[in-house]
Novice: 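Pasting in a structure now, in structure tokens, and then I'll have a few things to ask.
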Amino acid sequence: MHRVLLVSGDSTLAARVKRALESDATVMVADPAAGNVVEIAEQFRPECVLADAEVHMGARTAFERLSTLRGWFSGLPLIVIGNEMGAQLILTAMRAGAQDFIDRDAAPDDFRNAVSQRIAESRFRGASLSNLVMALSPASSDGDDDLAINMATMIAAARPQEGVLLVDLGLPASNAAIALGLDMTFRVKDAVKEMTRLDRALLDSALARCPRSGLYVLPLALHGDAEGWVVDIHDLRALLEICRSLYDVVIVSCGPFSRQEEILSLPEEGALLFLPCNQRFTSIKAAAELLRLVRTVRGGRDEPILVVHEFAAGMAPNPAGIRDAVGAARALELPVRWRDLAEAVNRGEPLALAASTPYARELSRHLQALNLVPYIEDEARAPQGLKELTRRIRAVLS
């Protein structure tokens with residue numbers, strides 16, 4: 001999924017460009033009248049810039065306006081949108097350094113082809129984005145968000161010097177507030193309203209933060225309100241892109257958005273996608289269906305990792321049988337009963353932070369293997385008595 005910045009104050013043009021590129025790119029719109037185009041670009045990190053030839057940038061000629069934009073985005077492909085009947089405008093755009101020109105009334109395919117071609121030709125690559133981890137939810141009633149919350153708290157606790165953010169898209173309300181014992185007021189819709197001026201300082205001051213792990217949380221919904229969470233899918237994608245540029249690790253609990261193609265296609269190649277599942281037949285069936293959808297949307301890239309929460313040891317099907325039934329290429333097992341997960345949520349104490357539990361030990365081992373948390377030597381994790389015995393044996397042998 002590409003990232004495209006449209007510099008324009010024309011809402012009609014913005015809507016047309018978003019519709020044309022919705023399957024290929026996340027489009028962020030910036031109006032120079034607001035005076036913050038460069039700041040928006042620094043957060044959004046576009047791969048291509050579309051410039052409205054009629055954009056208002058003070059009393060300047062078209063050449064001066066486009067030359068200014070070229071200077072702002074010297075390393076990016078610049079495509080100018082204007083009236084193709086005006087030959088002089090096309091020449092002006094080319095003189096100002098534009099790589100291409102598109103008529104305002106061009107067909108959607110023309111927009112898509114121009115953007116894809118220019119991005120493919122460009123060798124510009126911005127600073128690498130942070131790790132993006134997506135936890136999907138095959139079914140809405142199986143507590144799948146427990147996995148995202150536990151992963152996020154463990155990663156944050158293990159990386160205290162870094163910024164770790166959980167974006168909770170759960171509906172009708174965020175379970176993170178209960179599971180982490182947080183009072184949350186700032187949500188996705190608020191962040192979207194402030195999107196053109198978002199920075200790390202603003203988010204850090206507005207977001208709720210888990211005092212035990214250091215995890216920041218950005219929820220979609222708070223109290224099950226019917227309309228307060230509604231947000232445009234394009235704005236949501238753009239917000240997630242910005243969050244990735246601001247935080248070292250972003251975990252997205254996709255909730256009911258797990259089957260939205262716009263969300264599934266967002267991560268770049270190499271991102272980690274987790275697909276939780278338990279022993280219920282309904283959960284297995286839903287996980288298999290979602291896995292097929294993900295493969296279709298992402299073209300076989302980044303196979304989701306099946307995560308089997310053992311509902312009850314010794315009960316059929318076992319984790320191997322679940323993996324075969326779902327058809328997953330990779331699978332992880334977490335030894336935990338549903339009762340234990342529920343009790344941890346109700347207490348506001350994530351199991352991931354209880355280091356002595358088999359669940360936390362297994363989750364830590366898996367996250368270490370995926371380079372999401374630092375590797376811990378076995379000796380450092382051993383009880384004090386065992387470490388002291390090891391020290392004495394080494395002293396004798398030496």
Novice: Report the residue from Asp103, Leu21, Asp24 that forms a side-chain contact (heavy atoms from CB on, under 4.5 Å) with Phe111.
Specialist: Leu21
Novice: Would you say Val373 ends up clustered with Leu353 if hydrophobic residues are merged whenever their side chains have heavy atoms under 4.5 Å apart, either directly or through other cluster members?
Specialist: no
Novice: Could you check whether atom CG of Asp183 has more than 12 heavy atoms from other residues, nucleotides or ligands sitting under 6.0 Å from it?
Specialist: no
Novice: Quick one: CG on Leu240 to CG on Leu236, what's the gap to the nearest 0.5 Å?
Specialist: 4.5 Å
Novice: With Pro350, which of Asn150, Leu215, Asp146 fulfils side-chain contact (heavy atoms from CB on, under 4.5 Å)?
Specialist: Asn150
Novice: Write down the atom of Pro32, the atom of Ser8, and the distance for their closest heavy-atom approach.
Specialist: CD-N, 4.4 Å
Novice: For Arg3, is there any backbone N or O sitting under 3.5 Å from a side-chain donor or acceptor partner on Glu47?
Specialist: yes
Novice: Give the minimum heavy-atom separation between Pro317 and Ile284, together with the two atoms involved.
Specialist: CG-CD1, 3.7 Å
Novice: Going through the distances and angles, do Leu370 and Leu272 end up as a side chain to side chain contact (heavy atoms under 4.5 Å, CB included)?
Specialist: CA-CA 9 Å; Leu370 294 169; Leu272 290 171; 4.3 Å; yes
Novice: Any heavy-atom pair between the side chains of Leu147 and His309 that's under 4.5 Å?
Specialist: yes
Novice: Counting C-beta onward and ignoring hydrogens, is there a side-chain heavy-atom pair between Val249 and Leu132 closer than 4.5 Å?
Specialist: no
Novice: Using the rule side-chain contact (heavy atoms from CB on, under 4.5 Å), only one of Val164, Leu165, Ile149, Leu372 pairs with Ile251; which is it?
Specialist: Val164
Novice: For Leu246 versus Leu203, what's the shortest heavy-atom pair and its separation?
Specialist: CD1-CD1, 3.7 Å
Novice: Say whether, by atom type as modelled, one donor and one acceptor occur between the side chain of Thr357 and the main chain of Ala354 under 3.5 angstrom.
Specialist: yes
Novice: Under 3.5 Å, is there a donor-acceptor pair between the Gln43 and Arg200 side chains?
Specialist: no
